[in-house]
Each structure stands twice: as structure tokens, then as C-alpha cells.
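Note that this is a predicted model, so its numbers are computed, not measured.
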2 protein chains.
Amino acid sequence: MKREPLSKGETPDIAEAVLNAGFDISTCPVRDVMDHIGGKWSSLMLLVLSTKPHRFGELKRAVPDISQRMLTQTLRDLQRDGYISRHVFATVPPSVEYRLTPLGESLMPALRALVAWAVDNHPRIAEARQTFDAA
Amino acid sequence: MKREPLSKGETPDIAEAVLNAGFDISTCPVRDVMDHIGGKWSSLMLLVLSTKPHRFGELKRAVPDISQRMLTQTLRDLQRDGYISRHVFATVPPSVEYRLTPLGESLMPALRALVAWAVDNHPRIAEARQTFDAA
DNA sequence: TCGCATTAGTCTCAAAACGAGATCATGTTC
DNA sequence: GAACATGATCTCGTTTTGAGACTAATGCGA
């Protein structure tokens, strides 16, 4: 995903938007962050891990409709960005534990706020969707 | 994406997680909402539209690396869920304006909180990523 | 009057992401 | 010695996404 730096002249609108939100477009950390935690499974993983550390199999059972492939990949992405840490125990069969890092923890309030909003407004969304589909 | 209702016995972990977060797994509004606003472009659209209504072309210029195809689709999805409204003006060439609905507005505080977190913690994420890639 | 530009999309085709399921290595248990 | 559990990878086919050409109607300049 290549993103060219943008001159202000070319993009007055986004410039305004991002400045309002308090960030610089040329680096645009929002996308950098949102693209990851906004992924299909990431927020769910973080939510589950925020309750307590989990092992790979536990996560798989906790989010039943994720494929193992996506689980592995999501965990690696989250680990790469420093949200979670991975601890291997040399048992047999080997077990691996995933847990939130302090960085991951620090994200949770904002994420929970979003979840709370989702819960509160879900009926309205469902209604909007029905109205739209009827037309 | 079909999701079977789950018995508590099968999924003690997620049950705990979702109950902590305050929602019911069998309907899981979180995914329903997150899958959409967590999309690659949705949050960006909402952010841009939160500053003022925009026309199609303005949005395209504001987010230069979105394809027209994705712009159309993202807008339609957001409209379907009731976050934004679409107003056609019968000028020539026709112009179309998109703006946040009250529902969309109500989401902004939570979204902005997430954006603020992203801005604050972007350096830490970049650092974690570098550390990870070095290994 | 002959293009040419503008606007909001759509269409087509290639590339990337994703899901399902088989497969692996390994030591423990029966 | 065969089945089992674990964390992870491989292959394959489907879905989603991206790039870019194409459409409609009309105003504008040459």
C-alpha cells in the first residue's frame, strides 16, 4: 500500500479533516493503525485477549469462525505492531500463550468505547439497513 | 458469513469476553458494526465527512488513493448502515452530496478517540514493528 | 459545429486477500 | 504402535480489491 506525500494545494479537504483530527497527512498514522486493528479479526482478538491471556487453541475456540490460517496471521500482525506478546512454553505438545502488552492495554478504552457505541446503536443500524434494502 | 449461535459450554472464553463488553454473542453487533466501520476506507470517509458534507469528486480528491470503485462501494455501504445520507442534485452534470446523518455524528466521538490514540501511539507501533522485523 | 472537459458512476480484467481443509512434527497415552 | 493433542503451514479455490477504460448529458471554447 504505497502512499505518496501530498501537497496541501492538492488536498484542501483531507488536510482540513486530518488537521481537525490532529494528525499530519503525509505520515497518516490513522490508516497505519486503523488498517490493522480495523481488520476483520483484530479487534475481536484484542477484545478476547483483554479478558485474560489465551493460548492458540483457546483463541480458536473463542472465535470459532476464524480459520487457523487467519488466526496465525492476525496474531502475528498484532504481535508485530506490539499490541500482543507471544510466549512459547517448551511443553509437549508445545503451548503458546498470547497476551496484551501495555500498548495493547492502552488501546482498550478507546476500543471499548467503540464497542459500547456499537452495542447501543446496533438496532438503529439494523433498521437503516432494512429501510435501504427495501428500496 | 454465517454464525451459529453458540452454547456457553462450548465457548467459555468468548462468552466471558462478550459479556464483559456487554453484548450477546449470538447476535454479535460488534462484528456487524466493526466489519463495516473497520473497513479499509470507511473510517477515513466518516472522518472526512465529519468536517463538512462532500461531493463524490471531493471525496475522491480528499482520499486520493481510493479507487472510484471502492469509493462508490464504501459510500453505499455507509449509506446502507445509516451513517451517511446521499443527496442528488439534478444539475448538469448531476452532482451528489454526501453528509453524515445524526447516527454517523454520534459515532464520531468514539472514532475520534481511536484516532487520537493512533496519533499518540503511532511512534510506539512503528518502533515495535521495526523491532519485530529485525528478528 | 466539432471536439473537449466535467460529474458520478459502471464494467472488465488482473492481483491480492481470505476460507476450508489436509498435513506436519512430536511426544504422551492407551 | 496407533490414536491424540498442539501450534502452525501448504494448497487450492473463492471472494474482495485495485487500475483503468468506458458511459451519459451538457456547457464551453475554437
Side-chain angles (χ1 to χ4, degrees), chain A residues 1-4 10 13 31-32 34-45 48-49 53-81 84-99 132 135, chain B residues 1-4 10-11 13 28 31-32 34-45 48-49 53-81 84-99 132 135:
Chain A
M1 205 186 315
K2 198 178 57 173
R3 300 195 198 292
E4 304 295 341
E10 289 174 350
D13 299 321
R31 284 197 254 199
D32 210 24
M34 288 300 252
D35 281 2
H36 285 260
I37 66 151
K40 190 167 183 179
W41 306 107
S42 308
S43 54
L44 225 34
M45 282 294 121
V48 172
L49 287 176
H54 280 67
R55 296 178 49 187
F56 187 89
E58 285 181 311
L59 286 170
K60 176 129 186 50
R61 280 187 293 280
V63 186
D65 59 353
I66 192 175
S67 66
Q68 259 173 292
R69 185 181 164 283
M70 277 298 98
L71 180 55
T72 300
Q73 195 177 315
T74 301
L75 289 171
R76 223 191 296 294
D77 284 352
L78 291 175
Q79 189 197 350
R80 189 172 104 99
D81 284 6
I84 65 176
S85 58
R86 181 177 182 272
H87 307 275
V88 184
F89 297 100
T91 57
V92 163
S95 69
V96 182
E97 188 187 81
Y98 295 88
R99 61 168 66 215
F132 184 90
Chain B
M1 203 189 312
K2 198 180 62 176
R3 304 194 196 290
E4 303 293 342
E10 287 172 349
T11 59
D13 299 321
C28 198
R31 284 199 253 198
D32 210 23
M34 288 299 251
D35 281 3
H36 285 259
I37 66 150
K40 189 168 184 178
W41 307 107
S42 308
S43 54
L44 225 33
M45 282 296 120
V48 172
L49 287 176
H54 280 66
R55 294 180 49 187
F56 187 89
E58 285 180 310
L59 287 170
K60 174 125 186 54
R61 279 188 293 279
V63 185
D65 59 351
I66 192 174
S67 65
Q68 258 172 300
R69 189 180 160 285
M70 276 296 99
L71 180 55
T72 301
Q73 195 176 315
T74 302
L75 289 171
R76 222 190 297 293
D77 284 353
L78 290 175
Q79 189 198 350
R80 189 172 102 100
D81 285 7
I84 66 177
S85 57
R86 182 177 183 271
H87 308 274
V88 185
F89 297 99
T91 57
V92 163
S95 69
V96 181
E97 188 187 80
Y98 294 89
R99 61 169 65 215
F132 183 89

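- Residues passing the side chain to side chain donor-acceptor pair (under 3.5 Å) test with A/Gln68, sequence neighbours excluded: none.
- Protein atom CZ of A/Phe56 is 6 Å distant from nucleotide atom C1' of D/dG7, rounded to whole Å.
- Distances shorter than 4.0 Å separate some side-chain N or O of B/Arg76 from OP1 or OP2 on C/dT10.
- In this structure, B/Arg55 has no salt bridge (Lys or Arg N to Asp or Glu O under 4.0 Å) partners at least two apart in sequence or on a different chain.
- For A/Pro94, the side chain to side chain contact (heavy atoms under 4.5 Å, CB included) criterion is met by no residue, not counting sequence neighbours.
- In this entry the distance linking CG of B/Leu75 with C1' of C/dT10 reads 15 Å, nearest Å.
- The backbone N or O of A/Asp35 lies less than 3.5 Å from no partner atom in the side chain of B/Lys40, so there is not a single donor-acceptor pair.
- Summarising the geometry, the separation between CG on B/Asp35 and P on D/dT15 is reported as 17 Å, rounded to the nearest angstrom.
- When every heavy atom of A/Trp41 is checked against every heavy atom of A/Asp65, the shortest pair comes out as CH2-O, 3.3 Å.
- By the salt bridge (Lys or Arg N to Asp or Glu O under 4.0 Å) test, A/Arg76 is found to be paired with no residue, residues two or more places apart in sequence or in another chain being considered.
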Under 3.5 Å between N/O atoms: give me all the protein pairs with nucleotides 23-30 of chain D, atom names plus distance.
none

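- Using a 4.0 Å heavy-atom distance criterion, A/Thr72 is classed as a base contact.
- Atoms NE2 and CZ, from B/His54 and B/Arg61 in turn, are 9.5 Å apart once rounded to the nearest 0.5 Å.
- Side-chain contact check for A/Ile37 versus A/Ser43: every heavy-atom pair is 4.5 Å or farther apart.
- Residue B/Phe89 is out of contact with every strand shown, counting any heavy-atom pair closer than 4.0 Å.
- Applying the side chain to side chain contact (heavy atoms under 4.5 Å, CB included) criterion to B/Arg69, with sequence neighbours excluded, gives B/Ser67, B/Gln73.
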With the criterion being N/O to N/O and under 3.5 Å, what pairs connect the protein with nucleotides 18-21 of chain C, and how long is each?
from, atom 1, to, atom 2, distance (Å)
C/dG19, OP1, A/Lys40, NZ, 3.3

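- Atom-to-atom, NZ of B/Lys60 to C1' of C/dT10 comes out at 14 Å; the value is rounded to the nearest Å.
- Regarding A/Glu58, its CD atom lies at a distance of 16 Å from the P atom of D/dA5, rounded to whole Å.
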